[in-house]
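Below you'll find the structure, written out as structure tokens, and then a few comments.
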Amino acid sequence: MKPSRFEYVLPRSIEEAVAARVEYADTVVLSGGQSLVPTLNFRLSNPEAVIDLRLVPGLADVRVDGDWIHVGGRTRQRDLELDDAVHAANPLIRETLHHVAHPVIRNRGTVGGSIAHADPSAELPCLLLCLDGEVVAHGPGGARTIDAQDLFEFILSTTLEPDEILTEVRFPVLPERTGWCFTEFARRHGDFALAGVAATLTLAEDGTIAWGQLAACGVTTTPVRLVAVEDALLDGAADPSRIREIAQLAADVVTVPDDESCSSAYRRDLLVGLVERALRTSLQRATERATARTSREVTS
Amino acid sequence: MSRREAEQPEQADNAPPMVHTGARVRRNEDPRLLRGQGRYVDDIPLEGCVHGAFLRSTIARGRIVALDTTDAERVPGVLAVYTCDNIGGLDREMPLLIPHPCITHGRTQRPLARDDVYYVGQAIAFVVAVDRYVAEDAVSRISVDIEPLPVEVDMERAVEDGAPLVHPDVPGNIAASLVQHCGDADAAFERAEHHTKIRVQVDRSTGAPMECLATAARWDPVSGELVVWDGTQAPIGLRGALSSLFDLDEDKVRVIAPDVGGGFGPKIHFPYANEVLVPLAAMQLGRPVKYIEDRSENFVHMSHERTQIHEIELAATKDGEVIGLRDVFLHDTGSFIPYGIAVAQVASTAIAGPYRIPNIEVEFRCVYTPTVPVTPYRGCGRPQANFALERAMDQLAEELGIDRFEIRRRNLIADDEFPYKREGLIFADGLPVTYDSGQYGAALALLEKELDLPAFRAEQERARAEGRWLGLGLSFYVEGTGLGPYEGGRVRIHPITGKVYVNTGLTTQGQGHATSMAQLVADQLGVAVDDVIVVEGDTGVYDWGVATFASRAMVVSGSAIHKAAVKARERVLEIAANMLEVDPADIELKDGAAGVRGTATTIPLAAIATVSNPLRYAFNDAAQIATQFAPASKGDGPPLQGDSRPGIETEQFYSPPHATWAYGVHAAIVEVDPVSYDLQVKRYVIVHDCGKMINPMIVEGQIAGGVASGMGGAFYEKLEYEANGNLRNASFMEFLMPYATEVPHMEMHHLETPTPLNPIGAKGAGEAGTIPVAAVIASGIQDALAPEGIGPLWHVPLNPSVLHDAVREARSR
Ligand SMILES: Cc1cc2nc3c(=O)[nH]c(=O)nc-3n(C[C@H](O)[C@H](O)[C@H](O)COP(=O)(O)OP(=O)(O)OC[C@H]3O[C@@H](n4cnc5c(N)ncnc54)[C@H](O)[C@@H]3O)c2cc1C
């Protein structure tokens with residue numbers, strides 16, 4: 001378990017990093033190394049050069065600005081998790097990060113690394129997709145923005161070009177009257193999920209469900225929006241008594257085939273159960289936030 | 001209790017008070033290990049050391065049609081590339097360590113494959129290079145062409161006619177088969193009012209020690225000595241193997257097991273390919289060589305265990321008294337059977353557990369499959385036998401409408417029935433199974449009390465009313481421990497420091513020998529536990545003995561060390577009595593000194609040890625002090641008379657008359673989640689009896705570790721072979737060893753029924769925790785899901801998907 005020979009590149013700017021991406025035929029970007037280093041050691045990946053982002057300035061900056069939370073691509077998962085301003089702006093982020101591996105892994109693993117890696121079981125890509133987030137990529141022609149919807153292509157595969165570097169991840173601030181939930185099931189605490197669900201649920205002024213956004217991980221080749229569930233919530237007729245029924249609509253997104261320790265029937269039922277749980281929790285939190293808000297308005 | 005077979009304790013009349021023995025003494029080794037000062041094989045600094053890597057087969061069963069190492073040899077930095085063609089006399093089948101007449105077709109592997117490969121992971125070539133990176137580069141340049149042959153990894157199909165053969169000359173893939181009888185099972189089945197028959201399966205697992213296999217070797221051309229550092233449980237055995245394979249005097253081969261990061265059984269097997277090729281390369285290249293196994297290699301190279309399929313049948317009266325047992329099982333031995341039938345034999349002889357069951361017929365076949373070879377792993381067949389028996393007892397209870405506790409109570413061997421012999425069942429020590437002592441009924445009663453069964457039943461009723469799945473499971477196990485043939489113990493008091501040095505032929509992989517063995521000695525000699533230094537695992541220091549396995553260290557080595565300490569005490573008392581000119585009976589050994597009871601006069605042990613050695617030089621204070629007293633021996637003449645020897649050094653051996661049987665009963669209250677079908681263990685209660693506990697804290701550590709690995713076997717850990725013989729989940733990502741978060745909190749209660757078989761009254765504790773867990777968990781989940789009417793859970797490890805599918809299936813009926 002030793003990697004094959006590679007050039008180690010330590011750029012001081014994003015331009016240098018992109019230039020190295022172009023210069024070598026086959027490169028990988030080293031961010032937190034928590035997924036990359038094992039693949040190098042297993043010689044599953046034998047790149048010509050490894051480009052370490054460690055000294056590129058600005059890549060670990062986090063700021064909340066208006067409707068968006070800007071997270072530098074190399075921000076450690078643990079730093080984002082502990083950021084109180086971020087938590088105030090969108091509490092779903094911290095809740096999701098608690099499910100990513102263990103603290104020691106999050107101390108090293110980065111937000112951009114996880115998203116670029118695009119493991120279909122990973123929580124952060126699922127979060128990004130649920131929230132309609134976006135990423136910024138720098139390539140030889142400059143920067144471009146990619147919507148979460150357009151980013152994830154297949155297992156461990158994104159629409160980032162081989163000469164691009166993911167520099168920023170943007171999550172929207174959670175809207176008003178909105179509840180949230182991340183829930184998953186993994187065989188062992190901290191493992192990749194057999195299925196996981198990220199959800200937000202927004203109430204109309206009258207307290208009825210206006211719309212919901214849901215995404216799941218671990219169930220198909222990419223993180224996936226639960227469109228059928230979202231459509232059913234949009235009906236306007238979605239009242240709490242129908243949550244169980246609506247959750248059933250998630251089952252069909254599961255494409256992971258049976259394997260020795262997890263039947264696909266189980267995974268479908270698991271996903272439905274998690275969606276139900278996520279909707280109930282989101283609804284409860286949305287209601288709490290809406291009432292808290294109203295009472296604040298009343299007192300002021 | 002009966003002491004009929006007791007070896008007479010060899011203690012003098014003025015036996016010392018047991019201050020340390022039985023106490024929760026903190027471990028001597030921990031400050032070093034916890035501070036990262038442990039020295040494992042990879043930590044041994046060897047100047048100019050070079051590194052090895054293996055080319056391993058990616059095909060389960062096949063013929064090597066071409067093997068070309070030319071490109072690999074050309075890689076700069078490569079020093080040697082070995083295949084079966086250039087390793088001389090090592091190109092031979094390795095020994096079958098424990099032969100048995102029932103092994104009709106014993107096969108063992110060569111260090112490097114010749115012509116054929118038999119499992120994914122088998123070593124084909126060994127590269128030595130300046131570092132591991134270059135060695136791996138070179139491995140990837142070896143070109144090998146293997147023509148795949150048909151395989152059958154399913155053991156039941158492998159024994160059918162026409163199944164592909166692992167070894168072309170082994171019909172039916174059967175390596176060994178054995179039938180054993182105790183009493184008259186046929187008559188019992190004839191007579192019985194009720195029969196219960198079930199089929200159970202336990203799947204394959206691995207010991208997964210934190211430190212994978214590791215070997216380093218240095219050849220010293222000046223002294224002609226080969227020194228080998230090896231992560232093994234059996235350095236003395238490996239020393240013998242190496243001296244025989246390399247035709248070297250035993251004195252010229254020194255095998256050292258330094259700190260070893262967990263053994264759990266697989267490291268009792270030897271020699272692995274690295275254990276012979278690393279020394280070979282060191283001798284040929286004239287440079288130290290190291291091989292440190294990767295985790296991914298460990299999964300496909302180090303021995304596995306566990307796969308067994310039992311068809312077990314109980315013959316009972318309608319009151320639930322089990323009068324007969326038949327068990328027919330298949331045991332998967334992998335592609336070879338280097339350790340003989342040990343696992344199957346232990347399973348077959350443990351099959352009747354703690355119950356009287358006087359009539360037994362047990363039959364097994366050991367089956368070759370094209371997979372990693374199987375040798376003992378913590379539990380060694382007992383978890384499988386326990387799973388078969390205890391699931392059958394639950395089933396019988398259900399069929400007869402008897403409570404699960406009650407049916408067990410009716411069958412347990414009573415206290416006055418010990419020693420309880422199962423004539424005809426021959427245990428792994430070659431002797432009939434004889435349970436030496438126990439209080440089985442008291443153990444079960446204690447468990448029931450601690451569980452508070454009435455409270456649980458009420459809670460279960462409430463839970464069921466709410467639609468929650470809450471259940472209770474239990475399992476009672478016995479464990480034959482402390483096998484012979486023997487171990488030795490040597491005790492020496494150092495004349496300069498007065499510290500006590502202890503040697504034995506074992507190794508430690510974290511069990512705390514340096515403390516528990518020291519406690520025994522500290523009490524005899526009246527010294528502090530951390531002034532007793534236990535050194536083991538180095539054939540250069542002590543080379544009489546067998547190895548660490550079968551929960552035998554405390555029983556066998558502990559007894560030997562105890563006996564040596566008793567002798568050392570006698571010697572100290574005799575010399576001190578001479579020096580102080582009093583009767584030995586008046587002397588008390590305390591705080592590292594000998595004193596006369598009721599007076600303030602004391603002599604430090606160092607002074608006694610100094611005086612006991614008629615040496616000319618006075619190095620230190622101890623020698624000064626010694627001059628103030630009378631001489632060590634009475635009378636005139638030469639200082640050493642008759643058989644006497646200089647110094648205080650004693651050596652004793654202990655050879656158990658037969659295995660000693662520990663036992664225990666575990667129960668768990670579990671809940672299954674209705675969404676994830678995950679398992680939550682709400683309480684895990686243990687009643688455990690390993691005889692006299694020398695250090696209860698260490699015993700509890702052993703139990704806890706055992707339960708952790710038992711949880712793995714119950715719900716998490718399974719090696720998944722694909723139909724083509726590839727191991728699908730050879731990594732910790734997918735082989736789900738439970739984390740601390742998946743291991744339940746354990747409530748432990750002890751009984752201490754001493755064994756009459758050895759002077760310290762101890763039975764083994766190393767494997768106990770593992771044995772009953774799968775049965776406990778399956779029994780508990782079965783109970784929890786009973787309202788759903790699910791089918792029986794007779795196959796472990798279980799997992800959430802299996803439970804989900806069982807509930808769905810029951811609901812669709
Ligand atoms: C024991 C363990 C458990 C884990 N459990 C989980 C879990 O439960 N859930 C989960 O989501 N993850 C889990 N992970 C993965 C962990 O979260 C990783 O940190 C993450 O997937 C990758 O992030 P990284 O910063 O370490 O990226 P790296 O390992 O450095 O890179 C990963 C990949 O992305 C590419 N890449 C990285 N950064 C960029 C960039 N800026 N631009 C373009 N490409 C880039 C790399 O080239 C590489 O191919 C676990 C990891 C371990 C070791």
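Note: hydrogens, waters and symmetry copies are ignored here, and every other heavy atom, side chains too, is used. So that the names make sense, note that chain A is the first sequence line, chain B the second, and so on, each numbered from 1. All of these numbers come straight from a predicted model, not from anything done at the bench.
Atom CZ of R808(B) is separated from atom CG of D269(A) by 5.5 Å, given to the nearest 0.5 angstrom.
Interface remark: R295(B) contributes backbone and side-chain atoms alike to the contact with chain A (heavy atom separation under 4.5 Å). Only the side chain of S140(B) comes within less than 4.5 Å of a heavy atom of chain A; its backbone N, CA, C and O stay farther away. Both the backbone and the side chain of D294(B) have a heavy atom closer than 4.5 Å to some heavy atom of chain A.
Taking 4.5 Å as the limit, every side-chain heavy atom of M1(A) sits out of range of all side-chain heavy atoms of I292(B). Annotation: side chain of M733(B) is in contact with side chain of F192(A) (closest heavy-atom distance under 4.5 Å). Contact of the F185(A) side chain with the D678(B) side chain is registered, since non-hydrogen atoms from C-beta on lie closer than 4.5 Å.
In this structure a side-chain-to-backbone donor-acceptor pair under 3.5 Å is missing from S263(A) to S801(B).
In terms of non-hydrogen atom pairs under 4.5 Å with chain A, the most contact-rich of P738(B), P674(B), S676(B), S731(B) is S676(B).
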* Please report the C-alpha distance between D191(A) and L736(B) in whole Å, then the side-chain angles of each, then the deciding distance to 0.1 Å, and finally whether the side chain to side chain contact (heavy atoms under 4.5 Å, CB included) criterion is met. => CA-CA 10 Å; D191(A) 277 2; L736(B) 304 180; 4.0 Å; yes
* To do: Carefully, step by step, assess D259(A) and E720(B) under the rule side chain to side chain contact (heavy atoms under 4.5 Å, CB included).
  => CA-CA 10 Å; D259(A) 69 40; E720(B) 294 171 10; 5.7 Å; no
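Between R277(A) and D673(B) there is a salt bridge, since a side-chain N of the basic residue sits under 4.0 Å from a carboxylate O of the acidic one.
Among the residues in residues 124-136 of chain B, those with a non-hydrogen atom closer than 4.5 angstrom to a non-hydrogen atom of chain A are R132(B), Y133(B), E136(B).
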